[in-house]
There are 2 protein chains.
Amino acid sequence: MKALDITEVAQRSGVPASTLRFYEEKGLIASIGRRGLRRVFPGHVLEQLTLIAAGRAAGFSLDEIARMFAPDGQPDIDRGMLSAKADELDATIRQLTAMRDGLRHAAACPAPRHLECPTFRRILRAAAAGRLSRPARLTPVRK
Amino acid sequence: MKALDITEVAQRSGVPASTLRFYEEKGLIASIGRRGLRRVFPGHVLEQLTLIAAGRAAGFSLDEIARMFAPDGQPDIDRGMLSAKADELDATIRQLTAMRDGLRHAAACPAPRHLECPTFRRILRAAAAGRLSRPARLTPVRK
DNA sequence: ATGCCAATTCAAGCTGACTTGAGGTCAAGC
DNA sequence: GCTTGACCTCAAGTCAGCTTGAATTGGCAT
């Protein structure tokens with residue numbers, strides 16, 4: 001796979017150069033040299049970046065993601081960790097679903113005080129019940 | 001509903017007093033007076049805290065929660081906004097569901113390299129494609 | 001050989017949601 | 001009336017994940 005300099009990586013991946021440098025510093029990706037001042041990355045860095053984005057989307061921290069890569073950049077994913085995360089996501093999904101239903105109900109319910117509406121209270125309980133553990137951040141809030 | 005001082009609220013809700021003060025400063029909850037130095041809150045603050053927790057669980061920021069609910073816990077903003085939020089949550093839920101399925105697959109898949117597994121790649125694409133919108137944070141990382 | 005321009009380094013700053021610490025105050029118990 | 005202890009205020013610190021700014025460097029075109 002062809003080598004790409006940092007600007008090309010930034011353009012193709014949509015990840016800002018500053019973030020690429022930051023990720024390199026953190027050990028999430030590795031450059032294979034320089035072209036003048038410019039970092040040069042191996043072509044597969046693009047897939048790594050996709051993986052990183054997906055991991056972030058699933059709620060992994062950068063540190064956790066870093067732990068998933070072997071030193072050579074090959075994914076070395078702990079399967080137990082993956083299913084643990086899947087379980088976490090399941091809990092999150094249930095919670096979000098309850099919240100969504102709560103919001104829909106609140107939007108439709110004519111009761112003057114939602115906290116007194118039994119349906120809303122039931123939904124609240126459900127939403128508050130399971131404790132999630134990690135953010136599922138997405139949309140890098142790129143403006 | 002009976003008034004509670006800050007310590008009682010903290011004990012019953014599990015929310016630290018420092019956080020209660022912080023929430024009050026932010027306008028998310030309101031005290032109704034003092035008993036000596038101590039803030040006194042109306043009894044329904046407990047339900048408001050539940051609502052706040054649920055909102056945080058669903059990925060709303062404190063500011064958003066403040067905007068969605070009047071200080072008394074009544075949904076304040078127009079119903080259109082509430083259903084818009086519900087729609088947002090729906091998108092997030094679909095995304096997380098795809099991600100969860102991806103993780104489960106990765107945990108089970110015997111392929112030596114996930115990046116070479118077609119299913120995993122498809123899931124990666126899906127995860128990278130749809131952009132979630134918000135974090136779903138919970139478990140206040142209370143140690 | 002001389003500039004230009006973009007990339008580099010390093011430190012500092014930013015946002016969100018709190019927590020922590022220093023120093024002050026108040027009601028209550030002895 | 002004095003000590004005690006919990007709460008008070010206000011400022012500063014923390015953590016993650018980046019971004020921004022200042023000063024520097026190096027390839028490329030003239």
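Side chains included, hydrogens not; waters and symmetry mates left out as well; all remaining heavy atoms used. The sequence lines fix the lettering, A, B, ..., with proteins before strands; numbering per chain opens at 1. Computed from a prediction, not measured in an experiment: that's the story for all the values here.
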Chemist: Hey, does the side chain of B/Thr19 come within less than 4.0 Å of C/dA17's phosphate (OP1/OP2), counting only N and O?
Modeler: no

Chemist: For the CZ atom of A/Arg38 and the OG atom of A/Ser31, what is their distance to the nearest 0.5 Å?
Modeler: 14.0 Å

Chemist: Which residues pass the salt bridge (charged side-chain N to carboxylate O under 4.0 Å, His left out) test with A/Arg121, sequence neighbours left out?
Modeler: B/Glu47

Chemist: State whether B/Ser61 places a side-chain N or O below 4.0 Å from either non-bridging phosphate oxygen (OP1 or OP2) of C/dG16.
Modeler: no

Chemist: By nearest atom, which of the nucleotides C/dA17, D/dC7, D/dC18 is closest to the B/Arg38 side chain?
Modeler: D/dC7

Chemist: Any chance you could measure B/Leu96, atom CG, to A/Arg94, atom CZ, to the nearest 0.5 Å?
Modeler: 12.5 Å

Chemist: Out of D/dG17, C/dA17, D/dC8, which has the shortest distance to the side chain of A/Arg56?
Modeler: D/dG17

Chemist: In this structure, how many angstroms lie between the P atom of C/dT15 and the CD atom of B/Glu64, rounded?
Modeler: 16 Å

Chemist: For B/Phe22 and D/dA11, give me the distance from atom CZ to atom C1', rounded to whole Å.
Modeler: 14 Å

Chemist: Without decimals, in angstroms, what is the distance between A/Glu25 CD and D/dA16 P?
Modeler: 14 Å

Chemist: Give me the other members of the hydrophobic cluster that B/Ile32 sits in, counting Ile, Leu, Val, Met, Phe, Trp and Tyr linked by side-chain heavy atoms under 4.5 Å, directly or via other members.
Modeler: B/Val40

Chemist: Sequence neighbours excluded and cut-off under 3.5 Å, please list the side-chain donor-acceptor pairs for residues 6-17 of chain B, or say none.
Modeler:
| residue | atom | partner | partner atom | Å |
| --- | --- | --- | --- | --- |
| B/Thr7 | OG1 | B/Asp5 | OD1 | 3.1 |
| B/Glu8 | OE1 | B/Asp5 | N | 2.8 |
| B/Ser13 | OG | B/Val9 | O | 2.6 |
| B/Ser13 | OG | B/Val15 | N | 3.1 |

Chemist: Can you check the B/Arg67 CZ to C/dG16 P distance for me, whole Å?
Modeler: 10 Å

Chemist: Identify the heavy atoms of A/Ala106 and B/Leu82 that sit nearest to each other, and give their distance.
Modeler: CB-CD1, 3.8 Å

Chemist: Considering only nitrogen or oxygen atoms on both sides, find all protein atoms under 3.5 Å from nucleotides 24-29 of chain C and state each distance.
Modeler:
none

Chemist: Listing time: all N or O pairs from protein to nucleotides 9-11 of chain C that are below 3.5 Å?
Modeler:
| residue | atom | partner | partner atom | Å |
| --- | --- | --- | --- | --- |
| C/dT9 | OP1 | A/Arg34 | NH2 | 2.9 |
| C/dT9 | OP1 | A/Arg39 | NH2 | 3.3 |
| C/dT9 | OP2 | A/Arg39 | NH1 | 2.9 |
| C/dT9 | OP2 | A/Arg39 | NH2 | 2.6 |

Chemist: Throw together a table of side-chain donor-acceptor distances under 3.5 angstrom for residues 97-105 of chain B, partners on residues two or more places apart or in other chains.
Modeler:
| residue | atom | partner | partner atom | Å |
| --- | --- | --- | --- | --- |
| B/Thr97 | OG1 | B/Ile93 | O | 2.6 |
| B/Arg100 | NH1 | A/Asp90 | OD1 | 2.6 |
| B/Arg104 | NH1 | A/Asp87 | OD1 | 3.1 |
| B/Arg104 | NH2 | A/Asp90 | OD2 | 2.6 |

Chemist: C/dT19 phosphate, OP1 or OP2: any side-chain N/O from B/Ser18 under 4.0 angstrom?
Modeler: yes

Chemist: Give the rounded distance in Å between these two atoms: CD1 of B/Ile52 and P of C/dG16.
Modeler: 17 Å

Chemist: For A/Arg122, what residues pass the side chain to side chain contact (heavy atoms under 4.5 Å, CB included) criterion, not counting sequence neighbours?
Modeler: A/Thr119, A/Arg125

Chemist: By side chain to side chain contact (heavy atoms under 4.5 Å, CB included), which residues pair with A/Tyr23, not counting sequence neighbours?
Modeler: A/Thr19, A/Leu28, A/Ile29, A/Leu49, A/Ile52, A/Leu62

Chemist: Under 4.0 Å between a side-chain N or O of A/Thr7 and OP1 or OP2 of C/dA6?
Modeler: no

Chemist: Under 4.0 Å between a side-chain nitrogen and a carboxylate oxygen: does that hold for A/Lys85 and A/Glu88?
Modeler: yes

Chemist: Closer than 4.0 Å, any side-chain N/O of B/Tyr23 to the OP1 or OP2 of C/dC18?
Modeler: yes

Chemist: Whole angstrom is fine here: how far is it from CD in A/Glu24 over to C1' in C/dA7?
Modeler: 13 Å

Chemist: Can you measure B/Phe60 atom CZ to C/dT15 atom P for me and round it to whole angstrom units?
Modeler: 22 Å

Chemist: Specify the separation, in whole Å, of atom CG of A/Asp63 and atom C1' of D/dG17.
Modeler: 11 Å

